[in-house]
Amino acid sequence: MNSQPKLRILLTRHEIEGTITRLAGELNRDYQGKHPLLLGVLKGSFMFMADLIRRLDFPLEVEFIRLASYGRGRESSGRIKVVQGLRAPIRGRDVLVIEDIVDTGRTTSFLLDYLRRKRSASVKLCALTDKPSRRQVPVTIDYLGCTVPDKFIVGYGLDWDEKFRYLPDICFVEFED
Ligand code: IMP
Ligand code: MG
């Protein structure tokens, strides 16, 4: 049978907006006088990136990278590869990675190692959400939006099987058998 998942709001669009305003304040304080490269991890971070950067008041550049894990369903397998790489050189740059969620930490930890090997001046992480209960690899989140419970979330860029990215609120999915 094809059961439809039920969606329940976890973070409203207003809560997300408030969170982003706070994060932007922290970044505006820390990146004054710098010219960082904001690196969004596709696809999940696109909406967060768009809303965040319009609140920033220092010069910056925007890049995207696309990663894939050889995963099945809702689990990331831990074997990550770069599907669409960087176009801009990052040697000597201050790089700020923009993530939708840190779950097991495997994807983010792979990316941070990858960027540091390319001899960037600094690599920091800004994540809209964090699911610490699921962590398998330690990751330091320099700028964190919200901690979320151990539930699968969608909306505001986050998908379930490419669905629900367009929702303006972040919802959790109740899977029914
Ligand atoms: P990781 O387990 O930390 O490596 O997370 C890998 C990726 O899985 C994240 O960047 C998201 O794209 C996706 N992901 C993890 N948890 C969720 C979730 O609750 N909803 C939607 N996508 C998720
Ligand atoms: Mg992601």
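Owing to the predicted nature of the structure, the values given are computational and were not obtained by experimental measurement.
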Visitor: Check whether any side-chain N or O of Arg22 sits under 3.5 Å from a backbone N or O of Gly145 as a donor-acceptor pair, and report yes or no.
Guide: yes
Visitor: Is there a side-chain contact between Lys81 and Arg79 (heavy atoms, below 4.5 Å)?
Guide: no
Visitor: Would the distance check show the side chain of Arg165 and the main-chain N or O of Gly157 forming a donor-acceptor pair, the cut-off being under 3.5 Å?
Guide: yes
Visitor: Strictly by ring pair (Phe, Tyr, Trp, His ring centres under 6.0 Å), give each pair with a member in residues 6-56 just once, sequence neighbours left out.
Guide: Tyr31-Phe58
Visitor: Rounded to the nearest 0.5 Å, how far apart are CD1 of Ile101 and CZ of Arg134?
Guide: 8.5 Å
Visitor: Write down the atom of Leu167, the atom of Cys171, and the distance for their closest heavy-atom approach.
Guide: CD1-SG, 4.3 Å
Visitor: Hydrophobic clustering (ILVMFWY, side-chain heavy atoms < 4.5 Å, transitive) - are Tyr166 and Trp160 grouped together?
Guide: yes
Visitor: Is there a donor-acceptor pair under 3.5 Å between the side chain of Arg54 and the backbone N or O of Ala50?
Guide: yes
Visitor: Any chance you could lay out the salt bridge (charged side-chain N to carboxylate O under 4.0 Å, His left out) test for Glu174 and Lys151, step after step, and finish with the verdict?
Guide: CA-CA 8 Å; Glu174 283 184 349; Lys151 292 181 185 295; 5.8 Å; no
Visitor: Would you say that Val173 contacts Ile153 through its side chain, given a criterion of any heavy-atom pair below 4.5 Å between the two side chains?
Guide: no
Visitor: Tell me if a side-chain donor or acceptor on Asp57 pairs with a main-chain N or O of Gln32 at a distance below 3.5 Å.
Guide: no
Visitor: Return the OG to NZ distance between Ser122 and Lys34, rounded to the nearest 0.5 Å.
Guide: 6.0 Å
Visitor: Checking Leu56 against Leu38 for the side-chain contact (heavy atoms from CB on, under 4.5 Å) test, could you report, in this order, the C-alpha distance in whole Å, the side-chain angles of both residues, the deciding distance, and whether it holds?
Guide: CA-CA 11 Å; Leu56 300 179; Leu38 270 64; 3.8 Å; yes
Visitor: Testing the basics here: between Ala121 and Gly92, what is the closest heavy-atom pair and its distance to 0.1 Å?
Guide: CB-O, 3.3 Å
Visitor: Working to the nearest 0.5 angstrom, can you tell me the gap between Leu158 CG and Thr129 OG1?
Guide: 6.0 Å
Visitor: Give a yes or no on whether the backbone of Val123 and the side-chain of Arg116 come within a donor-acceptor separation of less than 3.5 Å.
Guide: yes
Visitor: If I compare all heavy atoms of Arg93 with all of Leu37, which pair ends up nearest, and what's the gap?
Guide: NH2-N, 3.9 Å
Visitor: Looking just at side-chain N and O atoms, do Asp103 and Gln136 make a donor-acceptor pair shorter than 3.5 Å?
Guide: no
Visitor: Any chance you could lay out the side-chain contact (heavy atoms from CB on, under 4.5 Å) test for Ile20 and Ile16, step after step, and finish with the verdict?
Guide: CA-CA 6 Å; Ile20 293 176; Ile16 296 169; 3.8 Å; yes
Visitor: Ser109 and side chain to side chain contact (heavy atoms under 4.5 Å, CB included): which partner among Thr140, Val137, Thr104?
Guide: Val137
Visitor: Any side-chain to backbone donor/acceptor pair from Asp142 onto Leu125? Under 3.5 Å, distance only.
Guide: yes
Visitor: Do Ile9 and Ile170 have side chains that approach each other closer than 4.5 Å (heavy atoms only, starting at C-beta)?
Guide: no
Visitor: Ignoring hydrogens, what is the shortest heavy-atom contact between Val148 and Pro132? Give both atom names and the distance.
Guide: O-CD, 4.1 Å
Visitor: Same cluster for Leu115 and Val82 if Ile/Leu/Val/Met/Phe/Trp/Tyr side chains link at under 4.5 Å?
Guide: yes
Visitor: Looking at Arg29, I want to see if its CZ is surrounded by more than 12 non-hydrogen atoms of other residues, nucleotides or ligands under 6.0 Å.
Guide: yes
Visitor: Should Phe164 and Leu7 be marked as a side-chain contact (heavy atoms from CB on, under 4.5 Å) after you check the CA-CA gap, both sets of side-chain angles, and the distance that decides it?
Guide: CA-CA 10 Å; Phe164 308 122; Leu7 302 183; 3.9 Å; yes
Visitor: NZ of Lys163: more than 12 outside heavy atoms within 6.0 angstrom?
Guide: yes
Visitor: Determine whether Val62 and Met49 satisfy the following criterion, side-chain contact (heavy atoms from CB on, under 4.5 Å), listing intermediate values before the conclusion.
Guide: CA-CA 9 Å; Val62 173; Met49 175 76 108; 3.8 Å; yes
Visitor: So Pro5 and Val154, do their side chains get closer than 4.5 Å, heavy atoms only?
Guide: no
Visitor: Roughly how far, to the nearest 0.5 Å, is the CG atom of Leu96 from the CG atom of Leu60?
Guide: 9.0 Å
Visitor: At what distance, to the nearest 0.5 angstrom, does CD1 of Ile90 lie from CZ of Arg117?
Guide: 10.5 Å
Visitor: Side chains of Thr108 and Ile141, heavy atoms from C-beta outward: is any pair under 4.5 Å?
Guide: no
Visitor: Taking all atoms of both residues into account, what is the closest heavy-atom pair of Val139 and Gly105, and its distance?
Guide: CG2-O, 3.6 Å
Visitor: So, using salt bridge (Lys or Arg N to Asp or Glu O under 4.0 Å) as the criterion, who are the partners of Arg135 when residues are at least two apart?
Guide: Asp130
Visitor: What I want to check is whether the side chains of Tyr156 and Asp100 have a donor and an acceptor closer together than 3.5 Å.
Guide: no
Visitor: I want to check something: taking the side chain as every heavy atom from C-beta on, are Tyr143 and Asp30 in contact at a cut-off of under 4.5 Å?
Guide: yes
Visitor: Out of curiosity, Leu39 CG to Cys126 SG, how far, rounded to the nearest 0.5 Å?
Guide: 12.0 Å
Visitor: Minimum heavy-atom separation for Glu15 to Leu11, with atom names?
Guide: OE1-CA, 3.3 Å
Visitor: Would you tell me whether Thr12 and Asp169 have side-chain atoms, one donor and one acceptor, within less than 3.5 Å of each other?
Guide: no
